[in-house]
Structure formats: C-alpha cells, structure tokens
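Reading through the structure tokens given below for one structure.
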Amino acid sequence: MTKEEQAVLLYILKRVLSAISVVIVTLVASFALFFLAPTDPAGVICGPRCTPERVADIESSLGLDEPPLQQIGSYMKGIVVGRDYEAGGTTQHCSAPCLGYSYTLGQPVTKLLAQALPVTVSIVLGGAVVYLVVGILAGTIAAQVRGTSLDKAVVGTTLFIQSIPYFVVALLVALYATFLPQSGYTPFLQNPWAWASGLLAAWLCVGLTNAAAYTRYSRASMIETLGQDYVRTATSKGISRRRVVYRHGLRAGLTPVVTIFGIDLAFQLTGAIFTESIFGLPGLGQLTLRAFGQYDLPVLLGGVLVGSVVLVVMNLVVDIAYTFLDPRVRLG
C-alpha cells in the first residue's frame with residue numbers, strides 16, 4: 001500500500017470515527033431533551049381524565065420510572081441488540097435497531113419510520129435529479145457565454161425564482177397544475193409508473209426551485225475554472241472547446257457543487273415537510289409533525305435520530321468524494 005493510499009484510508013477512518021461520535025452525542029442530547037425534561041409525557045398521552053394508576057402504567061411501559069442513565073442505556077442497547085417492551089398488556093420483543101414503541105399509533109417506531117422514509121427519499125432524490133441536470137447544464141452554458149444577453153437572462157431568472165418562497169410555488173402547483181397526475185405515493189416495486197406519476201408534481205417543485213441555486217453555483221464555479229491556465233493551454237493545443245469544457249473543466253468546476261449538494265440533500269431529506277403536507281404524501285416530515293402534535297416522544301426521538309444519521313452520513317460521503325475529486329484534501 002502506497003503512502004498516498006495510507007493517507008486516504010487514515011483520513012476516511014478519522015472522518016468515520018468523528019461521524020459516529022457526532023451521532024452518539026446527538027442521540028444522548030436528544031434523549032435528554034425529550035425524556036428527561038421537566039414534562040409529563042405519560043400524562044399527555046393518557047389525557048386529562050386519566051387515573052394515577054394508568055399514568056404509572058404508561059410510565060412503566062415507556063421506562064420513564066427508571067433512573068435517567070438506565071433509560072439512555074436501555075434505549076442505546078435496543079438500537080444495537082433490540083429490547084422488550086410492554087404493549088397492550090403483553091411483552092413484545094423489538095428487534096434491533098429498536099427505536100421504541102408509539103403508544104398513540106400502536107406500532108414500533110422502527111416500522112413507522114421504515115414506512116415513511118421511502119416516501120421522503122423518493123421525493124428528494126427525484127427532485128435532485130431535476131435540479132442537478134437543469135442547474136448544472138444551465139450554469140455551464142451561462143458560464144460559456146458570460147456577459148451576453150443569454151447569460152443575463154439565466155441569472156435574472158434564477159434570482160426571480162429564488163425570491164419566491166418555496167411553499168408558495170408548491171401551493172400554486174398543487175392548486176393550478178391540474179394537467180399533472182394526481183399526487184400520491186405507490187411503492188416503486190408495486191407499480192413503478194404509478195410511483196413516478198404520483199411524485200411528479202413534487203419532483204418538479206423541488207427540482208425547479210432548487211435548480212435556480214445550482215445554476216448560480218455551477219456558473220460561478222465554471223467561470224473560475226475556465227479561467228485557469230490548464231484550460232487555456234488545452235484550448236491553445238487545438239482541443240475542441242466542448243471537450244475542454246465538459247471533459248476537463250466540468251470535473252474541477254463541480255467540486256464545490258458536490259459539497260453543496262451533499263449538505264442540501266441531507267437537509268431536504270430531514271425537511272421535506274412542506275412538500276409532503278401540500279401534496280399529501282405520507283413521508284418522514286408528516287410523521288414527525290403528527291408525533292409533535294400528539295406528544296409521541298418515541299417517534300419524535302426516532303425522527304431526530306434518523307435525521308442526524310442522514311446529515312452525518314451525507315457529510316461523510318461528501319468528504320470521501322472530495323478525496324477523489326480534489327487530491328489536496330488528502331493532505332489535510
């Protein structure tokens with residue numbers, strides 16, 4: 001193994017260990033915030049006419065009558081090896097990763113998240129395809145014709161789109177774009193065509209609103225890249241302009257866009273609540289919002305944990321991708 005490969009592996013190992021530590025700290029902090037705060041979750045779940053005996057039973061089922069450190073230890077143990085919990089007067093086993101039990105919906109939190117997460121992932125990834133293709137293509141073209149009327153039109157359009165709040169765009173599409181298929185979610189494996197048509201409106205909203213920002217990112221990055229000496233040298237050697245731009249310049253120009261995309265994708269996965277609410281899609285945002293309204297702490301904590309893992313993993317993926325796109329990162 002060469003020294004360069006060793007440096008890359010060491011860098012990746014450091015980033016993985018850092019990511020794991022961030023997830024653990026977030027888990028402990030979130031658990032303390034939701035379960036150890038001076039609130040009465042058992043009383044909220046039970047309702048105003050609840051008897052003290054019923055409140056005590058709910059506290060026992062949730063493990064709220066245990067010492068704080070034991071509660072956190074039990075929760076983390078459940079994630080790794082699973083645990084038992086009481087539901088409906090019977091003891092049930094929750095396989096790892098066990099994130100608790102929703103007593104308002106009567107289902108394991110892991111099952112609820114597994115049902116909601118594919119919806120959110122479908123929305124975000126479909127929208128990402130739209131804004132990456134449109135944004136990078138428009139930004140690259142605008143960079144090549146910098147200062148022309150076409151460039152000014154592209155920049156002006158992006159500024160106009162970015163000035164409109166996202167939820168306004170989504171509401172307008174939901175109300176007036178009646179030519180689009182009705183929104184809804186069908187599992188991909190069940191019917192790929194119904195899956196795509198039901199998410200089309202959401203994809204267009206997410207894609208076109210974010211494409212404005214990516215057009216500007218790509219344009220600025222490509223302008224800087226096309227001004228580099230190696231690009232001018234390649235052009236002077238007779239290599240076609242198209243080949244210089246799309247084969248040599250685009251790879252270097254997309255390096256900062258990769259960072260922005262990784263972070264944006266993570267935040268969109270954890271913040272798609274507007275899209276899901278407006279188009280009636282049962283995703284992670286809808287599940288978390290309902291849990292907040294019903295004070296369903298296990299579901300809230302599960303949503304926070306999934307969100308933190310997504311953010312950390314996307315940051316890790318971006319860092320690793322950077323080691324291949326920009327070798328200078330390996331020296332850091």
Side-chain angles (χ1 to χ4, degrees), residues 23 26-27 30-31 33-37 39-48 50 54-66 71-124 183-191 195 198-199 269-273 275-277 279-310:
V23 172
T26 302
L27 173 60
S30 301
F31 192 96
L33 177 64
F34 288 136
F35 282 88
L36 305 182
T39 57
D40 183 21
V44 175
I45 293 172
C46 194
C50 192
R54 178 56 181 160
V55 171
D57 182 58
I58 293 176
E59 288 180 345
S60 177
S61 299
L62 291 174
L64 299 177
D65 56 345
E66 299 174 352
Q71 291 185 44
I72 295 177
S74 298
Y75 190 85
M76 297 183 70
K77 179 183 177 181
I79 295 175
V80 178
V81 298
R83 60 174 171 157
D84 296 329
Y85 56 83
E86 294 183 11
T90 61
T91 300
Q92 301 185 26
H93 178 71
C94 179
S95 302
C98 181
L99 301 178
Y101 186 84
S102 171
Y103 287 86
T104 59
L105 294 177
Q107 298 184 57
V109 174
T110 307
K111 180 180 179 180
L112 294 172
L113 294 175
Q115 293 172 345
L117 191 57
V119 182
T120 303
V121 170
S122 298
I123 296 171
V124 174
S183 296
Y185 182 75
T186 302
F188 176 80
L189 296 179
Q190 179 178 328
N191 189 330
W195 170 80
L199 296 171
L269 282 168
T270 57
I273 188 170
T275 306
E276 294 169 4
S277 299
F279 293 102
L281 300 170
L284 190 61
Q286 283 275 65
L287 178 65
T288 306
L289 183 63
R290 183 212 58 79
F292 179 80
Q294 297 181 352
Y295 214 71
D296 196 338
L297 296 184
V299 175
L300 278 175
L301 183 57
V304 170
L305 180 59
V306 169
S308 65
V309 170
V310 168

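Just so it is clear, the structure is predicted and the values come from calculations on it, not from any experiment. We number each residue from 1, following the sequence as shown.
- Between G82 and C98, the shortest heavy-atom contact is CA-CB, 4.2 Å.
- Checked against side chain to side chain donor-acceptor pair (under 3.5 Å), T120 has the following partners two or more places apart in sequence or in another chain: E276.
- Listed by chain and number, the residues in a side-chain contact (heavy atoms from CB on, under 4.5 Å) with V81 are K77 (sequence neighbours excluded).
- Y101 OH to L112 CG: the interatomic distance, rounded to the nearest 0.5 Å, is 9.5 Å.
- Residue T26 comes nearest to S308 through the heavy atom pair CG2-CB, 3.6 Å, listed as atom of the first residue, atom of the second, then distance.
- T186 is linked by a side-chain contact (heavy atoms from CB on, under 4.5 Å) to Q190, N191, A194, counting only residues two or more places apart in sequence or in another chain.
- With sequence neighbours left out, V119 forms a side-chain contact (heavy atoms from CB on, under 4.5 Å) with I123, Y185, L281, P282.
- Side-chain contact between T288 and L300 is present, with at least one heavy-atom pair separated by less than 4.5 Å.
- The two residues R83 and G100 have their closest heavy-atom pair at NH2-CA, 3.3 Å.
- Partners of L113 under the side-chain contact (heavy atoms from CB on, under 4.5 Å) rule, at least two apart in sequence or in another chain, are L99, V109, L284, L287, V306.
- Not counting sequence neighbours, the partners of S122 by the side chain to side chain donor-acceptor pair (under 3.5 Å) test are W195.
- In this structure S74 satisfies the side chain to side chain donor-acceptor pair (under 3.5 Å) test with no other residue, sequence neighbours excluded.
- No donor-acceptor pair closer than 3.5 Å links the side chain of S30 to the backbone N or O of L27.
- The OG atom of S95 lies 13.0 Å from the NZ atom of K111; values are rounded to the nearest 0.5 Å.
- Nearest heavy atoms, F279 versus S183: CD2-OG, 3.3 Å.
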Take L305 and I79, measure what side-chain contact (heavy atoms from CB on, under 4.5 Å) needs, and give me the verdict at the end. CA-CA 11 Å; L305 180 59; I79 295 175; 3.8 Å; yes

